[in-house]
Amino acid sequence: MQTVEIPLGQRSYRVDIGAKLLESPEHWLDCVGGGLILVVSNERVAPLYLHRVLDCLPKDRAHSLILPDGEQHKTVSSWRRIVNELVSMKANRDACLIALGGGVIGDLGGFAAATYMRGIRFVQAPTTLLAQVDASVGGKTGVNHAHGKNLIGAFHQPTRVLADTATLDTLEDREYRAGIAEVIKYGMIRDADFFDWIENHAGAISQRDPQTLLTMVRQSVENKAAVVAEDELETHTRALLNYGHSFGHALETLTRYEHYLHGEAVAIGMVIAARLSEQRGRLAPGVADRLQSVLNRFGLPTRFHEAIKPNAILDAMTLDKKNVSGKLRLVLLRGLGEAYIDQDCSREQVLEAVRSCREA
């Protein structure tokens, strides 16, 4: 097992990374506290791992709730189901919520934990690559609104993150590839050496070599930890973690979360942002092509469907949380591993970059 510390003063916690962590009672009993426990999972993950987690918890205190799977279920309605379950359990402020699943369950469970009795303890148990390297770390929680992704939410740090890399063995290929997009993001925004490592280990990553997975997850978490420690509430530099996300979230919203997985939409968004960076003369020519090549090696999309209108993407981006005073606030690149926040792009400049990534 390897550990990464998230240094946030009184809200500090650690991310434990390794195989078979979910089946280790000592890991669970060290972080759930002495109150009632609610394990929230979904219909895909629960048959695989819920019983293993429940076997490690005190039977007289542990309850479970299984929700439908999919981004389209990250709603106020699902949040209400979790809160209602906590109420029916008669859970107090010493209760603990365990989010067992991918990013959707982590966001939903975390938001319920943040809002129930003004905040209870919760543990992230991410079972997808995307959640292990990104969504489970940093305390962002929330649900979607019909007009935009994650418009309703709160910052609420977990007590612990248990990233069991053995769960990646059962992850569907498409879900696994989607998580790689978030890994590549760290190389693009702040760690050029890590980007080189990803290129050089593409084969082992695709084959899910256990030691390569451990290194990849740890390095990703270390990158995110450094950014979160500097800017926990995303007032400045943490926004750089959203590289590719403004465009990606717009694609997800426009397709009602039914066409692209989050990582797939982010992959397309990263290419659009790189193209825009080159068009504006901020980024040396060729970096966007290199990014696109790496994404293609992992089977990730780099162009969006021709039925989606470029103007509609820009319109959907107007509710992005990073925007300031009605102006688009985009994460662009000055170089590989060097991201910055740009507020000076014209609509036509953005449209040109968007159009360059539309399927012919």
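Bear in mind that the values here come from a model prediction, so they are computed numbers and not experimental data.
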To the nearest 0.5 Å, what is the distance between [atom1] ([X]) and [atom2] ([Y])?
X: L240; Y: R238; atom1: CG; atom2: CZ; result: 11.5 Å
X: I313; Y: F247; atom1: CD1; atom2: CZ; result: 8.5 Å
X: E85; Y: S64; atom1: CD; atom2: OG; result: 7.5 Å
X: E222; Y: I17; atom1: CD; atom2: CD1; result: 7.5 Å

Just so I know, are the side chains of [X] and [Y] near enough to count as touching, which here means a heavy-atom distance under 4.5 Å?
X: V104; Y: H73; answer: no
X: L67; Y: E43; answer: no
X: K74; Y: Y257; answer: no
X: L328; Y: C345; answer: no
X: F111; Y: I82; answer: no

**OP:** Flag yes if more than 12 heavy atoms outside R256 fall under 6.0 Å of its CZ atom; otherwise flag no.
**Re:**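 Counting neighbours around CZ of R256, 12 or fewer heavy atoms of other residues, nucleotides or ligands fall under 6.0 Å, so no.
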**OP:** Please say whether more than 12 non-hydrogen atoms of neighbouring residues, nucleotides or ligands are located less than 6.0 Å from CD in E26.
**Re:**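 Count over threshold, so yes.
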Original post:
Could R208 and Y176 be counted as a cation-pi pair, given that NZ or CZ must be under 6.0 Å from the ring centre and within 45° of the axis?
Top reply: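 Cation-pi check for R208 and Y176: passes.
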Is any side-chain N of the basic residue among [X] and [Y] closer than 4.0 Å to the acidic one's carboxylate O?
X: K149; Y: E71; value: yes
X: D164; Y: R52; value: no
X: K20; Y: D169; value: no
X: D134; Y: K140; value: no
X: R355; Y: E348; value: yes
X: E182; Y: K224; value: no
X: E359; Y: R303; value: no
X: D315; Y: R347; value: yes

Original post:
What's the verdict on side chain to side chain donor-acceptor pair (under 3.5 Å) for E252 and H245, showing C-alpha distance, side-chain angles and the deciding distance?
Top reply: CA-CA 10 Å; E252 289 180 274; H245 285 59; over 6 Å; no
For the student: nearest non-hydrogen atoms of [X] and [Y], plus distance:
X: N42; Y: P47; answer: O-CD, 4.3 Å
X: S41; Y: I105; answer: O-CD1, 3.5 Å
X: R282; Y: R280; answer: NH2-NH2, 2.9 Å
X: Y13; Y: T159; answer: CB-O, 3.2 Å
X: V350; Y: L314; answer: CG1-CD1, 3.5 Å

**OP:** Give the intermediate values and the outcome of side chain to side chain donor-acceptor pair (under 3.5 Å) for residues R218 and Q2.
**Re:** CA-CA 8 Å; R218 188 202 70 241; Q2 299 188 18; 3.0 Å; yes
Side-chain heavy atoms under 4.5 angstrom apart, residues restricted to Ile, Leu, Val, Met, Phe, Trp, Tyr: same cluster for [X] and [Y]?
X: I98; Y: L36; result: no
X: L330; Y: F304; result: yes
X: L108; Y: Y116; result: yes
X: L22; Y: I37; result: yes
X: L54; Y: L38; result: no

Are the side chain of [X] and the backbone N or O of [Y] linked by a donor-acceptor pair below 3.5 Å?
X: Q124; Y: V137; value: no
X: E175; Y: E172; value: no
X: D209; Y: A204; value: no
X: T128; Y: G102; value: no
X: N92; Y: D94; value: no
X: S136; Y: A131; value: yes
X: H156; Y: A112; value: no
X: T170; Y: T167; value: yes

**OP:** List the steps and the verdict of side-chain contact (heavy atoms from CB on, under 4.5 Å) for V161 and R14.
**Re:** CA-CA 7 Å; V161 179; R14 73 176 198 243; over 6 Å; no
Original post:
Where do D107 and T141 land on the side chain to side chain donor-acceptor pair (under 3.5 Å) test, with the steps shown first?
Top reply: CA-CA 4 Å; D107 283 2; T141 72; over 6 Å; no
**OP:** Tell me, please, which residues at least two apart from V76 pass side-chain contact (heavy atoms from CB on, under 4.5 Å).
**Re:**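 V76: side-chain contact (heavy atoms from CB on, under 4.5 Å) contacts with W79, R80, V143, I152.
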**OP:** Just do the salt bridge (charged side-chain N to carboxylate O under 4.0 Å, His left out) check on E199 and R297 with the steps written out, would you?
**Re:** CA-CA 9 Å; E199 284 184 315; R297 288 178 70 182; 5.7 Å; no
**OP:** Give the ring-plane orientation class for H147 versus H145, where under 30° counts as parallel, over 60° as perpendicular and anything between as tilted.
**Re:**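 Plane angle under 30°, so parallel.
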Subject >> Test side-chain hydrogen bond (donor to acceptor under 3.5 Å, both in side chains) applied to D344 - qualifying residues, sequence neighbours left out >> reply: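 Checked D344 against side-chain hydrogen bond (donor to acceptor under 3.5 Å, both in side chains); zero matches.
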